Amino acid sequence: MINIRFPDDSVRQFEPGISSLDIARSISPGLARQIYAATVNAEVRDLGRPVNEDADIVFHKWEDKEARDTFWHTSAHLMAYALEELYPGIKFGIGPAIENGFYYDVDTGEGVVISESDLPSIEKKMKELAGKNESVERTEISKSDAMKLFTDKGDEYKTELIEELEDGTISLYRLGKFTDLCRGPHLTDTGDIKAIKLLSVAGAYWRGDEKRKMMTRIYGITFPKQKMLDEYLVMLEEARKRDHRKIGRELELFSFSPRVGMGLPLWLPRGADLRQRLIDFLTAELKRRGYSIVSTPHIGNVELYKTSGHYEKYGADSFRPMNTPQEGEQFMLKPMNCPHHCEVYNATQHSYKDLPVRMAEFGTVYRYEQHGELHGLTRVRSFTQDDAHHFCEPDQMKEEFKKIIDLVQWVFKSLGFNIYTAQISLRDPEDSEKYIGTDENWEKAQKAIIEAAGEKNLETTIVEGEAAFYGPKLDFMVKDAIGRQWQLGTIQVDYNLPERFDLNYTGADNQKHRPVMLHRAIFGSLERFVALLIESTAGKLPLWLSPDQVIILPISEKYHDYSKKVLNFLNNSDIRTLIDERSEKIGKKIRDNELKHIPYMLVIGENEENTQTVSVRKQGEGDKGVMKLQEFVEFFKLKEKEEFE
RNA sequence: GCCGAUGUAGCUCAGCUGGUCAGAGCAGCUGAUUUGUAAUCAGCAGGUCGGGGGUUCGAAUCCCUUCAUCGGCUCCA
């Protein structure tokens with residue numbers, strides 16, 4: 001008998017070879033119906049796989065990522081099965097579960113194109129196959145047999161994958177007539193896959209390598225119940241309504257013009273106003289936190305970027321250098337502010353007593369992003385970084401890091417960004433050649449980052465090999481309306497530029513020393529930040545950020561005190577207040593001239609229960625509903641506003 | 001840059017397989033209306049159907065090309 005231990009620490013005995021599913025059944029048939037995978041001794045496994053030894057077991061219901069991954073992974077196989085039926089000779093790359101659904105990369109062969117219009121027929125085939133409720137069978141196979149199998153099949157993608165696998169770890173999963181190389185785990189059968197929706201098709205390079213073949217990637221999602229799919233699709237639809245490009249146009253915040261050039265945002269008056277408020281808000285805080293504001297030109301001599309090394313590394317991806325009447329002289333639009341700031345540092349002499357030096361600039365930079373990369377305000381060719389550089393002694397690095405993390409947390413919290421992730425990028429320990437700087441410095445910097453994050457209680461994921469060539473970094477990421485991750489804030493250690501620009505300070509020992517340079521941005525760029533601010537708040541920007549708010553205060557005595565209270569609460573903000581006297585003149589004026597471009601209108605009133613209320617009306621969408629004062633405060637995140645002032 | 005899709009008035013869209021197909025609603029303008037929680041009434045104006053080339057007696061509709069946008073890939077100082 002084997003001992004199986006459950007999450008509640010209870011232990012029960014079973015015959016060796018029993019499947020996880022049968023163990024679940026022995027507890028309750030209901031549980032068995034709800035689970036899709038099990039973690040057995042820290043390994044996520046198929047429910048059907050036998051358990052032969054003592055084990056800790058955790059069952060995964062739909063709420064667990066492990067369950068959904070398993071469900072979607074099997075769905076990917078189901079789709080591949082359908083594709084093989086519909087497109088004989090099709091070859092398969094990889095087909096994993098992703099955060100929402102799954103995809104499969106396929107090579108349809110010469111002259112065969114799968115486009116969105118083909119998706120319904122593939123879906124139909126999937127439903128038909130799923131309906132047969134065929135079971136999924138796992139077999140383990142030797143590397144040579146696996147090679148033979150897929151070589152015979154002529155699938156060069158799978159054989160390439162097998163090449164890289166260790167013998168003895170290779171497994172196959174068979175679903176009906178479709179057999180795939182796969183680690184698993186999988187559902188025991190396809191009967192649970194009731195609702196299927198293929199979402200889109202896209203090109204994707206084999207193994208993510210631009211030089212290799214472009215495969216067709218088909219995205220889909222499945223659920224155990226039709227209702228869940230319906231809800232998901234509604235949710236997607238809602239998310240699309242929050243798209244900052246749509247809201248930006250509706251609220252007249254920003255625009256693009258082909259005549260100006262793609263990827264070059266035009267801030268309309270209201271958007272520029274919002275942008276300026278963010279700048280003012282952050283600038284005030286930076287001054288409180290010991291930053292100096294500097295200002296540098298939009299262009300720089302090519303020599304500047306040759307000194308920094310950026311020209312060599314990124315020159316080809318930049319806007320082309322521009323010539324001057326002076327023979328041989330060339331300037332570039334600045335793709336980053338760092339080199340300029342190094343020269344600002346060099347303009348004066350520095351003592352260890354002055355460090356750390358913190359200089360900030362809202363610096364507009366220009367990068368020639370690839371055509372297909374441009375995306376609303378989140379990826380543009382001209383954007384303004386809330387850039388800053390800290391120059392400090394090596395021993396001060398950790399403290400500076402903590403200060404920056406604190407600032408990021410403060411800003412994000414103030415603006416209502418509660419959901420973000422932080423990622424620490426370290427160098428690839430296998431390949432220190434790629435990086436500039438001594439091992440000692442790297443170790444020191446990496447340790448400082450990890451410790452600083454820990455001390456600030458920042459939850460981070462650590463990724464090796466993602467560091468920039470000049471130093472490790474800490475990035476803050478936020479998701480947009482449809483779940484794409486974007487990097488906003490970043491803190492980076494740099495050993496490269498201080499060397500190249502020969503930056504130094506005089507130490508207590510009267511010797512020259514090299515400062516450590518930290519790059520840092522909180523918003524990342526104002527453009528991207530505004531985009532994500534819009535999407536995360538669905539356009540309901542914090543009141544103090546929203547331009548042209550109007551409050552209509554009823555003049556009638558009945559509401560007078562209450563109106564005053566609200567006004568008092570909102571205190572000297574930029575909200576314009578209009579007093580509606582119900583008079584013809586003013587009534588007409590408000591309706592015809594004042595309200596038409598105002599994103600929100602707040603109207604003071606009273607509900608049926610005689611509770612005083614504030615209703616929020618969004619231009620073009622009508623009444624957003626009446627809310628009580630407290631809800632109203634929450635809605636516009638007014639509490640934070642009080643903290644600012 | 002690559003794969004796929006899309007591109008009709010300021011906005012959202014209708015226009016099926018080429019022949020009254022250049023349309024609607026909203027927004028705009030003019031006038032009337034003043035009714036307390038979006039869209040009252042009447043009238044007017046708006047588009048060489050993304051640009052260029054081609055096929056055809058005839059193209060918004062078919063083909064080629066180009067630009068832009070959307071979904072991805074790649075890249076991202």
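Given the structure is predicted, the values throughout are model-derived calculations rather than measurements. Per chain, numbering begins at 1; letters A, B, ... match sequence-line order.
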**Asked** If you measure from the P atom in B:rU12 to the same atom in B:rG18, how many Å do you get, rounded?
**Response** 29 Å

**Request:** Please state how far atom CD1 in A:Ile94 lies from atom P in B:rC73, giving the value in whole angstrom units.
**Result:** 12 Å

**Asked** Considering only the P atoms, how many Å lie between B:rC26 and B:rG71, rounded to the nearest integer?
**Response** 30 Å

**Message:** I want to check something: taking the side chain as every heavy atom from C-beta on, are A:Met332 and A:Met322 in contact at a cut-off of under 4.5 Å?
**Reply:** no

**Under 3.5 Å: donor-acceptor pair, side chain of A:Arg381, backbone of A:Glu369** = yes

**Message:** Between C1' on B:rC26 and NZ on A:Lys246, what's the gap in Å once rounded to a whole number?
**Reply:** 13 Å

**Item:** Same-atom distance (P) from B:rA60 to B:rC67, integer angstrom
**Value:** 23 Å

**Message:** Suppose you measure atom P in B:rC73 against the same atom in B:rC29; what distance do you get, rounded to whole Å?
**Reply:** 44 Å

**Prompt:** Below 4.0 angstrom from OP1 or OP2 of B:rC70, is there any side-chain N or O of A:Arg245?
**Reply:** yes

**Prompt:** Between B:rG50 and B:rA22, how far is it from one P atom to the other, in whole Å?
**Reply:** 16 Å

**Base-pairing mate for B:rA9 - Watson-Crick or G-U, with both contacts under 3.5 Å** = none

**Asked** Does A:Phe383 have A:Arg528 sitting over its ring (NZ/CZ under 6.0 Å from centre, angle to axis within 45°)?
**Response** no

**Message:** Does the structure show a Watson-Crick or G-U wobble partner for B:rC16, both distances under 3.5 Å? Name it, or say none.
**Reply:** none

**Fill in**
Checking N1-N3 plus N6-O4 or O6-N4 for Watson-Crick, or N1-O2 and O6-N3 for wobble, each under 3.5 Å, the partner of B:rG46 is none

List every contact pair, protein side and nucleotides 3-11 of chain B side both N or O, where the distance is under 3.5 Å.
{"from": "B:rC3", "atom 1": "O2", "to": "A:Gly203", "atom 2": "N", "distance (Å)": "2.9"}

**Prompt:** Expressed as a whole number of Å, how far does the C1' atom of B:rC75 sit from that of B:rA38?
**Reply:** 45 Å

**Asked** Can you check the A:His340 NE2 to B:rA77 P distance for me, whole Å?
**Response** 19 Å

**Prompt:** Short question: side chain of A:Asp386, backbone of A:Gly524 - any donor-acceptor pair under 3.5 Å?
**Reply:** yes

**Message:** Once hydrogens and angles are ignored, does a donor-acceptor distance under 3.5 Å link the base of B:rG1 to the side chain of A:Tyr205?
**Reply:** yes

**Prompt:** Counting any heavy atom closer than 4.0 Å, what does A:Arg259 reach on the DNA or RNA strands: base, sugar-phosphate only, or nothing?
**Reply:** nothing

**Request:** Calculate the interatomic distance between A:Tyr495 atom OH and B:rA77 atom C1'; express it in whole Å.
**Result:** 18 Å

**Request:** Have a look at A:Pro335 and say if it touches a base, only the backbone sugar-phosphate, or nothing, with a 4.0 Å heavy-atom cut-off.
**Result:** base

**Request:** Figure out the CD/C1' separation between A:Gln487 and B:rC75, and round it to whole Å.
**Result:** 14 Å

**Prompt:** Say you pick atom P in B:rA45 and the same atom in B:rU30; how far apart are they, in whole Å?
**Reply:** 15 Å

**Message:** Need one value for A:Arg484: base, sugar-phosphate or nothing, where a base atom within 4.0 Å counts as base even if backbone is also close, heavy atoms only.
**Reply:** sugar-phosphate

**Message:** By nearest heavy atom, map A:Asp209 and A:Gly263 onto RNA chain B; which one lands nearer the 5' end?
**Reply:** A:Gly263

**Item:** Whole-Å gap separating C1' (B:rG71) and CG (A:Asp105)
**Value:** 15 Å

**Request:** Look at all strands and tell whether A:Tyr219 reaches a base, only sugar-phosphate, or nothing, counting heavy atoms closer than 4.0 Å.
**Result:** sugar-phosphate

**Message:** Taking any heavy-atom pair under 4.0 Å as a contact, classify A:Tyr470: base, sugar-phosphate, or nothing.
**Reply:** sugar-phosphate

**Item:** Note, A:Tyr219 side chain near A:Val201 side chain (heavy atom, < 4.5 Å)
**Value:** no

**Request:** Would you mind telling me which of B:rG71, B:rC73, B:rU69 lies closest to the side-chain atoms of A:Met262?
**Result:** B:rU69

**Message:** Output the rounded distance in Å from CZ (A:Phe254) to P (B:rU69).
**Reply:** 13 Å

**Complete:** Between A:Gly208 and A:Ala468, whichever has its closest RNA chain B nucleotide further toward 5' is A:Gly208

**Prompt:** What distance, rounded to whole Å, do you find between the two C1' atoms, one in B:rU37 and one in B:rC3?
**Reply:** 50 Å

**Prompt:** Is there a donor-acceptor pair closer than 3.5 Å between any side-chain N or O of A:His340 and the backbone N or O of A:Ile299?
**Reply:** yes

**Message:** My understanding is that a pair needs two contacts under 3.5 Å, Watson-Crick or G-U wobble. By that rule, which nucleotide pairs with B:rA60?
**Reply:** none

**Sugar-phosphate only, base, or nothing, as touched by A:His519 at under 4.0 Å among non-hydrogen atoms** = nothing

**Asked** When the distance from CG of A:Leu374 to C1' of B:rC75 is rounded to whole Å, what number comes out?
**Response** 12 Å

**Request:** Say whether, by atom type as modelled, one donor and one acceptor occur between the side chain of A:Trp72 and the main chain of A:Thr222 under 3.5 angstrom.
**Result:** yes

**Message:** From C-beta outward on A:His371, which listed nucleotide comes closest to its side chain: B:rG1, B:rA77, B:rG71?
**Reply:** B:rG1

**Asked** Taking O4'-C1'-N9-C4 for purines and O4'-C1'-N1-C2 for pyrimidines, is B:rG46 syn (within 90° of 0) or anti?
**Response** syn

**Ring-face cation contact, A:Tyr103 with A:Arg217, 6.0 Å cut, 45° max** = yes

**Complete:** When both distances are under 3.5 Å in a Watson-Crick or G-U wobble arrangement, the nucleotide paired with B:rU33 is none

**Asked** Hey, does the side chain of A:Glu116 reach the backbone of A:Leu199 with a donor-acceptor pair shorter than 3.5 angstrom?
**Response** no

**Request:** For the pair A:Arg358 and A:Glu400, find out whether any cationic side-chain nitrogen is under 4.0 Å from an anionic carboxylate oxygen.
**Result:** yes

